[in-house]
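None of these values were measured; they are calculated from a predicted model. Along the sequence shown, residues are numbered consecutively beginning with 1. Because only heavy atoms are used, hydrogens play no part in the values below, and waters and symmetry mates are left out as well, while side chains stay in.
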Amino acid sequence: MDIPGSGLKVLVIDDSNTIRRSAEIFLKQGGHEVLLAEDGFDALSKVNDYEPDLIFCDILMPRLDGYQTCAIIKRNAKFSGVPIVMLSSKDGVFDKARGRMVGSQDYLTKPFTKDQLLQAVKALGSAKQGLV
């Protein structure tokens, strides 16, 4: 079970309202604080303002896609250590490899389950906090 006060600040970036809301519900049930952004530009200001512990980022978004958003976040020394999980409806090797090239730590295929989402948070969030 989650330890009270152990929740992480998680940013979910996705142009789909359905995906954002699903992720928000799952993450809040896991005891985490959730921030939502609907595109890469929205996300960049929220990363700077709220300094999330973990980011879930959709790949296919208008204006600024997930790869570009991830690369910009990772280029900023202040946020280069924040784990980023790419979200996509595609499960291709190329997409996963490209995500790693721009600095993402993991990849989740949509639609994801509550367990998959919380497992990714547990794996990457505990590493960020220095927990086991």
Side-chain angles (χ1 to χ4, degrees):
M1 199 68 198
D2 288 311
I3 303 161
S6 68
L8 298 172
K9 198 182 303 179
V10 182
L11 174 61
V12 179
I13 311 163
D14 201 300
D15 58 329
S16 163
N17 187 48
T18 305
I19 294 294
R20 283 196 312 273
R21 295 298 167 205
S22 297
E24 180 181 32
I25 291 165
F26 295 158
L27 291 165
K28 284 186 173 179
Q29 288 173 348
H32 304 289
E33 183 181 339
V34 183
L35 305 162
L36 302 174
E38 58 188 55
D39 64 34
F41 288 109
D42 186 24
L44 295 176
S45 66
K46 288 185 176 170
V47 166
N48 195 49
D49 293 345
Y50 299 105
E51 301 182 18
D53 298 309
L54 177 64
I55 300 169
F56 286 95
C57 184
D58 183 25
I59 291 174
L60 296 173
M61 296 184 291
R63 300 194 307 156
L64 196 64
D65 73 23
Y67 298 122
Q68 294 165 319
T69 303
C70 181
I72 291 167
I73 293 167
K74 290 296 185 174
R75 275 198 297 260
N76 184 326
K78 185 175 179 181
F79 305 112
S80 63
V82 176
I84 298 178
V85 178
M86 302 307 281
L87 300 174
S88 179
S89 52
K90 294 194 256 176
D91 194 18
V93 174
F94 174 77
D95 296 307
K96 291 180 181 181
R98 188 168 173 205
R100 294 253 189 240
M101 285 171 48
V102 295
S104 73
Q105 278 69 34
D106 204 352
Y107 189 100
L108 268 184
T109 304
K110 299 189 288 188
F112 45 79
T113 66
K114 177 182 174 181
D115 288 342
Q116 289 171 319
L117 194 67
L118 293 178
Q119 190 57 44
V121 171
K122 185 177 179 183
L124 295 168
S126 60
K128 170 114 174 62
Q129 289 186 329
L131 305 170
V132 177

K.L.:
Testing the basics here: between Asp42 and Ala37, what is the closest heavy-atom pair and its distance to 0.1 Å?
P.N.:
OD2-CA, 3.2 Å
K.L.:
State the CD-CG distance between Gln105 and Leu124, to the nearest 0.5 angstrom.
P.N.:
6.5 Å
K.L.:
I need the minimum non-hydrogen distance between Gly103 and Cys70, along with the two atoms involved.
P.N.:
C-SG, 4.0 Å
K.L.:
Can you check whether Phe79 reaches Ile55 side chain to side chain, under 4.5 Å on heavy atoms?
P.N.:
no
K.L.:
With the side chain counted from C-beta on, respond yes when Ile73 and Leu44 share a heavy-atom pair under 4.5 Å apart, and no when they do not.
P.N.:
yes
K.L.:
Shortest non-hydrogen contact from Met61 to Asp39?
P.N.:
SD-CA, 3.9 Å
K.L.:
If you measure from CG on Leu87 to CZ on Phe56, what distance do you get to the nearest 0.5 Å?
P.N.:
7.0 Å
K.L.:
Working to the nearest 0.5 angstrom, can you tell me the gap between Asp95 CG and Ser89 OG?
P.N.:
8.5 Å
K.L.:
In Å, rounded to the nearest 0.5 Å, how long is the span from CG of Asp15 to CZ of Arg63?
P.N.:
11.0 Å
K.L.:
Mind checking whether His32 and Leu118 have side chains closer than 4.5 Å, heavy atoms only?
P.N.:
yes
K.L.:
Which residue pairs pass the salt bridge (Lys or Arg N to Asp or Glu O under 4.0 Å) test when at least one of the two sits in residues 105-120, sequence neighbours left out?
P.N.:
Asp14-Lys110, Asp58-Lys110
K.L.:
Could you walk me through whether Arg21 and Leu36 pass side-chain contact (heavy atoms from CB on, under 4.5 Å), step by step?
P.N.:
CA-CA 9 Å; Arg21 295 298 167 205; Leu36 302 174; 3.0 Å; yes
K.L.:
Would you name the heavy atoms of Leu11 and Ala43 that are closest together and state the gap between them?
P.N.:
CD2-O, 4.1 Å
K.L.:
Side chains of Asp91 and Thr109: any donor to acceptor distance under 3.5 Å?
P.N.:
yes
K.L.:
Is there side-chain contact between Met86 and Arg98, with heavy atoms separated by less than 4.5 Å?
P.N.:
no
K.L.:
Which atom pair, heavy atoms only, marks the closest approach of Tyr107 to Gly92?
P.N.:
OH-N, 4.5 Å
K.L.:
Is there a chain of hydrophobic side chains (I, L, V, M, F, W, Y, each step under 4.5 Å between heavy atoms) that links Met101 to Ile72?
P.N.:
no
K.L.:
Between Lys9 (side chain) and Tyr50 (backbone), is there a donor-acceptor pair under 3.5 Å?
P.N.:
yes
K.L.:
Show the nearest heavy-atom pair for residues Phe26 and Thr113, with the distance to one decimal.
P.N.:
CE1-C, 4.0 Å
K.L.:
Examine distances only and state if a side-chain atom of Glu33 and a backbone atom of Leu8 form a donor-acceptor pair shorter than 3.5 Å.
P.N.:
no
K.L.:
Does a side-chain N-to-carboxylate-O contact under 4.0 Å join Lys28 and Glu24?
P.N.:
yes
K.L.:
Taking atom CG of Asn17 and atom CD of Glu38, what is their separation to the nearest 0.5 Å?
P.N.:
8.5 Å
K.L.:
Is there a side-chain contact between Leu27 and Leu117 in this structure, where contact means two heavy atoms from C-beta onward sitting under 4.5 Å apart?
P.N.:
yes
K.L.:
Can you confirm whether Leu108 sits close enough to Gln116 that some side-chain heavy atom of one is under 4.5 Å from a side-chain heavy atom of the other?
P.N.:
yes
K.L.:
Distance-only, no hydrogens or angles: does the Arg20 side chain make a donor-acceptor pair with backbone N or O of Ile13 under 3.5 Å?
P.N.:
no
